[in-house]
Amino acid sequence: TEAFFRIKARYFKKWSEQKNPFHPEIWVWGAGRKTRQRAKLLEREGLKIQGFIDIVKGKTTQKTTLHFSEIPPPGEMFIVPMVMKYGAQELIRKNLLLRNYKEGKEFIFLA
């Protein structure tokens, strides 16, 4: 699966260049060990991870980790949810849509 994520990271960078208004800056939703490892693949492609969003504030000391309740209004960041846990994508999507984030414009899943 790591080879798959390397390819995905390469294609996501190309997508981000065209669609992410903050390119190369992104925020990754998910701060677990596996997500951080996969996020490094994005950094190797030249994307700049500004920080992580998680259900636990300060989960990692690598970068800033916001609690999901601290996400600013749309237009201030581009979010890339990378959580693989079953059911998490629906919860994250619901949370972001309730905050008026638009999928494909202000966030896109990469899990």
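The first residue in the sequence is number 1, and the count goes up from there. Bear in mind that the values here come from a model prediction, so they are computed numbers and not experimental data.
Taking the side chain as every heavy atom from C-beta outward, Q50 and K63 never approach each other to under 4.5 Å. The side-chain heavy atoms of K40 and Q37, taken from C-beta on, include no pair separated by under 4.5 Å. The shortest distance between side-chain heavy atoms of L42 and L110 falls below 4.5 Å.
Between H67 atom NE2 and K57 atom NZ the span is 9.5 Å, to the nearest 0.5 Å. To the nearest 0.5 angstrom, E106 atom CD is 14.0 Å from K19 atom NZ. Residue R38 holds its CZ atom at 7.5 Å from CE of M82, rounded to the nearest 0.5 Å.
Transitive grouping of hydrophobic side chains (ILVMFWY, heavy atoms separated by less than 4.5 Å) keeps I26 and M84 in distinct clusters. The hydrophobic cluster containing F5 does not contain I108, counting ILVMFWY residues as joined when their side-chain heavy atoms lie under 4.5 angstrom apart, directly or transitively. In the hydrophobic cluster analysis, where Ile, Leu, Val, Met, Phe, Trp and Tyr join through side-chain heavy atoms closer than 4.5 angstrom, F52 is grouped apart from L41.
The heavy-atom pair separating D54 from K59 by the smallest distance is OD2-CD, 3.4 Å. Residues F22 and G75 share a closest heavy-atom pair of CZ-O, 3.1 Å. Closest approach of T65 to A31, counting heavy atoms only: CG2-CB, 4.1 Å. Taking each heavy atom of G46 and P24 in turn, the nearest pair found is O-CB, 3.6 Å.
Membership of the apolar cluster around W27 extends to W29, I53, I55, V56, L66, F68, I71, M77, I79, V83, I92, L96, L97, Y101, F107, F109, as traced through chained side-chain contacts below 4.5 Å between ILVMFWY residues.
At a threshold of 4.0 Å, the pair E2-K34 counts as salt-bridged, since one of the basic side-chain nitrogens sits closer than that to a carboxylate oxygen. Note on E43 versus K48: no salt bridge recorded, every NZ/NE/NH1/NH2 to OD/OE distance being 4.0 Å or above.
Counting only residues at least two apart or in different chains, side chain to side chain donor-acceptor pair (under 3.5 Å) contacts with residues 81-92 are absent.
Under the rule for a side chain to side chain donor-acceptor pair (under 3.5 Å), R44 has no partner lying at least two apart in sequence or in another chain. Evaluation of the side chain to side chain contact (heavy atoms under 4.5 Å, CB included) rule for K94 yields L98 as partners, not counting sequence neighbours. N20 is linked by a side chain to side chain donor-acceptor pair (under 3.5 Å) to S16, counting only residues two or more places apart in sequence or in another chain. For E25, there are no salt bridge (charged side-chain N to carboxylate O under 4.0 Å, His left out) partners two or more places apart in sequence or in a different chain.
For the pair K14 and Y11, the cation-pi criterion (under 6.0 Å, within 45° of the ring axis) is fulfilled.
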